[in-house]
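Here the structure comes first, spelled out in structure tokens, and everything after it is commentary.
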2 protein chains.
Amino acid sequence: MTEDWVALLRERGYRMTHQRRLVLGAVRELRHATPEQVHSHLRQQDDAVDLATVYRTLELLVDLGMVGHSRLASNAETYHLIAHADHIHLVCRGCGTVSEAPVEVADGFAGKVRAQGFEPDLGHLVVYGRCADCASAT
Amino acid sequence: MTEDWVALLRERGYRMTHQRRLVLGAVRELRHATPEQVHSHLRQQDDAVDLATVYRTLELLVDLGMVGHSRLASNAETYHLIAHADHIHLVCRGCGTVSEAPVEVADGFAGKVRAQGFEPDLGHLVVYGRCADCASAT
DNA sequence: TTAACTGCAAATAATTTGCACTTCG
DNA sequence: CGAAGTGCAAATTATTTGCAGTTAA
């Protein structure tokens, strides 16, 4: 798979670098990470990658279609591997917890949206609301 | 309805001011507006409300439950009247156009999410994807 | 070799906050 | 009158960019 990635970069005139491998690795490990989280995760290990480079790399990875991004909190964009995008996000407004649900729960919904001529990207679906705990606590 | 609002404010020790009326009016007229848009909309009229006040007022209105907010573009939070929140947002990644669909298309989906113990807030649902035009253009 | 990439620092953009003055009730 | 609200400017936070030195191919 790493090879596919190198080919993908080459095709577009990009190069494979140590930093890019590290950033992609961090996104894979963290599953849902903000640029800031990727940056500090890498710093905690031997490897430090400049925050600006993290931003540039994440943008590149999104462009290549390897990584997706969603706004899971009102002030932070989080990135995740497309290969892991087999779920939708349920964000609780009460406690901020992000839980996941299989994309299948949105299949019927997706069909109706498609019927309107819009092709939804469920790998990025974020639903706000209240989790069971916060709903009962009111 | 304006009276309800005044009562709502009073109950919580807040006051009704000229600026608050203006901001709510702008949100109503613009339907989906960023703080910046509310600010310039008001400035184009005789009335100018400081941008910081716009932010403070929108936050208050959200708190009162009169206004909702969603991230329709990657860099801008937009606000809308809850009374108008009878639709979901379809945001095209290709052209950036925001179209609307009735909440009913998500009814079945909402039921499945509830079955998992999560109460979704469909008035804030934002779905990213590609509109018919951009999908065919590829 | 050489164009792409990186780190660093400075620049922007979006949003928040401190404070003295104004206004609602 | 007195607490709540506002404008203005400064502070924060998130993200982007310019540039000189580094590195992949």
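Protein chains get the first letters and strands the later ones, always in sequence-line order, with residue 1 at the start of each.
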Checklist outcome for this item: So the ring pair (Phe, Tyr, Trp, His ring centres under 6.0 Å) pairs with at least one residue in residues 15-38 of chain B (sequence neighbours excluded) are B/H32-B/H87, B/H32-B/H89
Item to check | Nearest-Å distance for atom pair OH/C1', residues B/Y79 and C/dA14 | outcome: 11 Å
Checklist entry - If you group Ile, Leu, Val, Met, Phe, Trp and Tyr whenever their side-chain heavy atoms sit less than 4.5 Å apart, what else falls in with B/F118? => result A/I88, A/L90, A/V103, A/V105, A/F109, A/V113, A/F118, A/L122, A/L125, A/V127, B/I88, B/L90, B/V103, B/V105, B/F109, B/V113, B/L122, B/L125, B/V127
Checklist entry - Which residues pass the salt bridge (Lys or Arg N to Asp or Glu O under 4.0 Å) test with A/R43, sequence neighbours left out? => result none
Item to check | Phosphate OP1/OP2 of C/dT23: any B/Q19 side-chain N/O under 4.0 Å | outcome: no
Checklist entry - Looking at residues at least two apart in the chain, or sitting in another chain, which of them share a salt bridge (Lys or Arg N to Asp or Glu O under 4.0 Å) with B/R15? => result none
Checklist entry - Taking the side chain of A/V49 as heavy atoms from C-beta outward, which of C/dG7, C/dA3, C/dT6 is closest to it? => result C/dG7
Item to check | Distance, nearest 0.5 Å, that separates CG of A/D63 from OG1 of A/T57 | outcome: 12.0 Å
Checklist entry - For residues 55-63 of chain B, which residues have at least one heavy atom under 4.0 Å from DNA chain C? => result B/Y55, B/R56
Checklist entry - Whole Å only: how far is the CZ atom of A/R10 from the P atom of C/dA3? => result 17 Å
Item to check | Residue pairs, two or more places apart or on separate chains, that pass ring pair (Phe, Tyr, Trp, His ring centres under 6.0 Å) and touch residues 34-71 of chain A | outcome: A/H69-A/Y79
Checklist outcome for this item: Min and max contacting nt of DNA chain D in 5' to 3' order, chain B heavy atoms within under 4.0 angstrom, are D/dG2 to D/dC8
Item to check | Upstream residue (5' side of DNA chain C) when B/T17 and A/H18 are each assigned their closest nucleotide | outcome: A/H18
Next on the checklist: Between the opening five pairs and the closing five pairs of the helix from C/dT1-D/dA25 to C/dG25-D/dC1, how far apart are the helix axes, to 10°?
Outcome noted: 40°
Next on the checklist: My understanding is that only residues two or more places apart in sequence, or in another chain, count here; which of them pass side chain to side chain donor-acceptor pair (under 3.5 Å) with A/R71?
Outcome noted: A/E77
Checklist outcome for this item: The salt bridge (Lys or Arg N to Asp or Glu O under 4.0 Å) partners of A/E119 (sequence neighbours excluded) come to A/R114
Checklist entry - When all nucleic acid strands are considered with a 4.0 Å heavy-atom cut-off, which category describes B/A52: base, sugar-phosphate, or nothing? => result base
Item to check | Side chain of B/R15 - closest among C/dT6, C/dC8, C/dC24 | outcome: C/dC24
Checklist entry - In terms of hydrophobic clusters joined by side-chain contacts under 4.5 Å, are B/L72 and B/L30 together? => result no
Checklist entry - Would a 4.5 Å heavy-atom cut-off, applied to side chains only, mark B/R20 and B/L60 as touching? => result yes
Next on the checklist: Run the salt bridge (Lys or Arg N to Asp or Glu O under 4.0 Å) test against A/D50 and tell me which residues pass, sequence neighbours left out.
Outcome noted: none
Item to check | Strand contacts (DNA chain C) in residues 34-48 of chain A, 4.0 angstrom heavy-atom criterion | outcome: A/A48
Next on the checklist: Count I, L, V, M, F, W, Y as connected when their side-chain heavy atoms are under 4.5 Å apart, and connections chain through other members. Are B/Y14 and B/V49 then in the same cluster?
Outcome noted: yes
